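All of these numbers come straight from a predicted model, not from anything done at the bench.
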Protein chains: 2
Amino acid sequence: MLAVSSTPFVLWERLQESASSLIMASSGYAGGNFMKSKKVTILDVAQLANVTKSTVSRVVNDSPLVNDKTKQRVWKAIEELGYTPNRTARSLALGKTNVIGFVVSEQQISDVVSNPFFPTVLKGITTVANREGYNILLLSLSGQDIKSYREIIQRHTVDGFLILGGPSNPKLGSDLDKLKVPYVFIGKHDPAAEHSYVSTDNEEGGYIAGKHLIELGHSEIRFMVGEVKGSLLSHNIERIAGFKRAFDEAGMTFAEHLVVKVPTDIESGYHFMKSYLAKDRPSGLILSNEVTSMTCLNLLIDEGIAVPEEMSIVSFGDAQFFRNTRPSLTTVSQSVEWLGKTAMELLLQRISGEVSYPSPIVRKPEIVLRGSTKKMR
Amino acid sequence: MLAVSSTPFVLWERLQESASSLIMASSGYAGGNFMKSKKVTILDVAQLANVTKSTVSRVVNDSPLVNDKTKQRVWKAIEELGYTPNRTARSLALGKTNVIGFVVSEQQISDVVSNPFFPTVLKGITTVANREGYNILLLSLSGQDIKSYREIIQRHTVDGFLILGGPSNPKLGSDLDKLKVPYVFIGKHDPAAEHSYVSTDNEEGGYIAGKHLIELGHSEIRFMVGEVKGSLLSHNIERIAGFKRAFDEAGMTFAEHLVVKVPTDIESGYHFMKSYLAKDRPSGLILSNEVTSMTCLNLLIDEGIAVPEEMSIVSFGDAQFFRNTRPSLTTVSQSVEWLGKTAMELLLQRISGEVSYPSPIVRKPEIVLRGSTKKMR
DNA sequence: TTGTAGGCGTTATCAG
DNA sequence: CTGATAACGCCTACAA
């Protein structure tokens, strides 16, 4: 269980119970003394209940040291006025916002449209956030930039960061550590550095994918990875290492040209693959993400290349997603929602101080077998 | 152009320019007097620069009434200390947060995984938000509940709401109006009420879809719409009205059974359609959203039903999305990204007071012809 | 052009 | 158990 204080939500729950009176009070107020619905503060409540702000504050925060009689009186006043505590003021006083910054590079937010990774991880995050009373603030930064993080954390806008993995500055982690800013990387497995991150074991994933195809008797295997500005994402570099390990283990020789870099946007990716497959027709294909996979699948359909008869396909990504493609794909499962959930939970632990040391969580990937891979005849 | 004040960002820009010194200062500080990197406030800057808080505040907000010399001194101090204004404090003083609440029902956030509508509209929103210096706070509510909105707006957490259309309380709009809360509905076309919303003309969309199939000579046409808790979403009710109009206009008789309600989740939707098509095999099908369409497409592939030879398909949704399905689908285009952008722009205008009256923006849908529809022989 | 002082709405620390 | 009172960090008349 997370040791997050639940006091701020007591009020909420109470208000829920008294729906009708609340609505009445509010509209009565709006049409009454004030044209521009003046906001009711803790002071208004205090006066109406004949107590001081302090007492109201205690009631609202469910402090035990307040008389039941007074408590009732205060609650009545609260409901009558339709009072809701001002979060901003509370944040200022407490130095805590109950908001998590979800950092997504602009590149990623652009890809978002077609890439199911983002919404899936977001679902995981919000699930936990809602449960624990946190909100998610969407932050799209230029990414690499330590200064931006610094800015934002100092503005005291958020209690911590969730950073969607990607090609970010390698020094970012230690910089954030230095600033004592709670953060967790999502999907950025960095065995070299001792940072906070949640990820699947990409090296292992690459290994599993390669091994699977090798065991099925394929020898002409290509690993197609997305290329961002001419270079590879770190998780893909690891997967390639695992892919190579599978070759080594099988006594097969690995070569550079087995790894094919493809553009990540659908349009150019499609054309690239089309011309690639015209020259080189492997029997096994590994695809590094959802977009690339969909693009490739479309191409195979358009070209009339049968899966798995003519070509076996293994994809990296969310297993659920690839269940609903046609054909459905054998996939090295990423558990993207788990990624989001776990990252959020870890972050909350760091914020509450339960965990202060760097705490990577790495999950072994599994391969989900479906109809897209087949034994070589 | 939007009349949003740009003052809060002056500081940001300046800091960007002096990257190196900033980093140095910050780490120097952290390792210096304070173990727990004490936050530097406007007061620290004031003292170092030998002025008062007021002056620093003016400098930071780029006020013209401050001497150039002092201005320089203050900036120097700011950079030396790595000062960043505290957003929470500023919000409290100003009564403005520069944050927009993006309200998504829990239902929607759950569907998110497979539904490209959400991320696409989000992209539109963040594009404008980033440009105008706003951040997006993700709010997932139980949806219908006016009390929740009231709560959140009163907590002064956001400057306005973007509400993702759906089965929300019909009174919600007027309730929000009463509370003088800036808001814009996205995708909720409600000709009856005079509220703020951005939408495509759903009635027209339904009409176009129906007309298209009728003109191709189809007479056995079904409209498959998602069913949420046994009832239809408002936009679908409108589309059905348009669909009916197309029938009326063609002198064909419309009947209830032409509208088929299907479960919105992939699993049960698939099974439902499967048993439905076993009994009733129309020649033309209209599908109301991305998920339903994908589900249906998968079924058709699995059952070996050829599109468009045996069945013509028209889908509602993002045109770009349906370009990348196989087969690609003739679609009544929603311009989902436009929806997000426009909604955000409208909301900002309402916040700044440029637009105070209810201001619906409705866009006529277009039909994008692709290979999934074909003349009846 | 700059400084002073009060306020924004809450919470926390002391007294009583 | 309850009430003053001082933070929290910034903004903004009003003075000087």
Side-chain angles (χ1 to χ4, degrees), chain A residues 5 7-12 38-74 77-78 81-98 151 153-157 159, chain B residues 5 7-8 10-11 38-47 49-74 77-78 81-98 151-157 159:
Chain A
S5 160
T7 43
F9 309 106
V10 176
L11 174 62
W12 172 285
K38 199 186 169 193
K39 33 214 148 147
V40 11
T41 78
I42 201 172
L43 193 61
D44 301 320
V45 177
Q47 288 170 343
L48 183 60
N50 256 320
V51 290
T52 53
K53 299 188 297 178
S54 321
T55 304
V56 178
S57 177
R58 289 192 188 98
V59 172
V60 158
N61 292 301
D62 208 26
S63 158
L65 26 78
V66 49
N67 190 318
D68 272 357
K69 293 265 178 190
T70 4
K71 205 178 276 189
Q72 283 181 17
R73 219 170 56 241
V74 172
I78 287 176
L81 297 175
Y83 164 76
T84 310
N86 179 322
R87 255 199 157 187
T88 308
R90 182 181 265 168
S91 293
L92 183 58
L94 254 36
K96 182 172 194 317
T97 59
N98 264 48
E151 278 256 333
I153 196 64
Q154 284 203 339
R155 290 183 179 190
H156 245 256
T157 278
D159 294 341
Chain B
S5 159
T7 43
V10 177
L11 175 63
K38 200 187 170 197
K39 9 184 178 176
V40 11
T41 78
I42 201 172
L43 192 61
D44 300 320
V45 177
Q47 288 170 341
N50 256 319
V51 291
T52 54
K53 300 190 297 177
S54 324
T55 304
V56 177
S57 176
R58 290 192 188 99
V59 171
V60 158
N61 292 301
D62 208 27
S63 160
L65 25 79
V66 48
N67 191 317
D68 271 358
K69 292 266 179 188
T70 359
K71 206 178 275 188
Q72 282 182 17
R73 219 167 59 239
V74 172
I78 288 177
L81 297 175
Y83 165 75
T84 310
N86 178 322
R87 254 197 158 191
T88 308
R90 183 181 265 168
S91 294
L92 184 58
L94 254 35
K96 182 173 195 318
T97 59
N98 264 48
E151 279 256 333
I152 291 180
I153 196 66
Q154 285 204 338
R155 291 182 180 191
H156 244 256
T157 277
D159 294 342

Measuring from atom CG of N67(B) to atom OG1 of T55(B), what distance do you get when rounded to the nearest 0.5 angstrom?
10.5 Å

Sugar-phosphate only, base, or nothing, as touched by T70(B) at under 4.0 Å among non-hydrogen atoms:
sugar-phosphate

Q47(B) and L43(B): CA distance, side-chain angles, deciding distance, side-chain contact (heavy atoms from CB on, under 4.5 Å) verdict:
CA-CA 6 Å; Q47(B) 288 170 341; L43(B) 192 61; 4.2 Å; yes

For T157(A), is there any backbone N or O sitting under 3.5 Å from a side-chain donor or acceptor partner on T97(A)?
yes

Residues N61(B) and R90(B): side-chain donor-acceptor under 3.5 angstrom
yes

Can you check nucleotides 6-10 of chain C for protein contacts, nitrogen or oxygen pairs under 3.5 Å, and list what you find?
unit_1  : atom_1 : unit_2 : atom_2 : d
dT10(C) : OP1    : Y83(A) : OH     : 2.9
dT10(C) : OP1    : N86(A) : N      : 3.0
dT10(C) : OP2    : I42(A) : N      : 2.6
dT10(C) : O5'    : Y83(A) : OH     : 3.4
dT10(C) : O4     : K53(A) : NZ     : 3.2

Could you check whether T55(B) gets within reach of a base, just the sugar-phosphate, or nothing at all, counting any heavy atom under 4.0 Å?
sugar-phosphate

Please list, in 5' to 3' order, the outermost nucleotides of DNA chain D lying under 4.0 Å from any heavy atom of chain B.
dG9(D) to dA13(D)

When only distance counts, do a donor and an acceptor, one from the side chain of S54(B) and one from the base of dT4(C), lie under 3.5 Å apart?
yes

Please lay out, stage by stage, how I78(A) and V60(A) fare under the test side-chain contact (heavy atoms from CB on, under 4.5 Å).
CA-CA 9 Å; I78(A) 287 176; V60(A) 158; 3.8 Å; yes

Run the side-chain contact (heavy atoms from CB on, under 4.5 Å) test on V56(A) and K53(A) for me, step by step, so that the C-alpha distance in whole Å, both residues' side-chain angles and the decisive distance to 0.1 Å come before the verdict.
CA-CA 5 Å; V56(A) 178; K53(A) 299 188 297 178; 5.7 Å; no

Along DNA chain C (nearest heavy atom to each residue), the more 5'-positioned of R58(A) and N50(B)
N50(B)

With a 4.0 Å cut-off on heavy atoms, is V51(B) in touch with a base, just the backbone sugar-phosphate, or nothing at all?
sugar-phosphate

Nearest whole Å is fine: how far is dA12(C) P from L65(A) CG?
12 Å

Checking side-chain contact (heavy atoms from CB on, under 4.5 Å) for the pair R58(A)/V74(A): CA distance, chi angles, key distance, verdict?
CA-CA 10 Å; R58(A) 289 192 188 98; V74(A) 172; over 6 Å; no

Shortest non-hydrogen pair, Y83(B) vs T41(B), comes out as CE1-C, 3.6 Å

Rounded to 10°, tell me the angle between the two end axes of the helix from dT1(C)-dA16(D) to dG16(C)-dC1(D), each built from five pairs.
40°

What is the minimum heavy-atom distance between D159(A) and N98(A), and which atoms define it?
OD2-N, 2.6 Å

So which atom in G82(B) and which in V40(B) form the shortest heavy-atom distance, rounded to 0.1 Å?
O-CG1, 4.3 Å

Give the minimum heavy-atom separation between S57(B) and I42(B), together with the two atoms involved.
N-CD1, 3.7 Å

Mind calculating the distance between CG (D62(A)) and C1' (dT11(C)) to the nearest angstrom?
16 Å

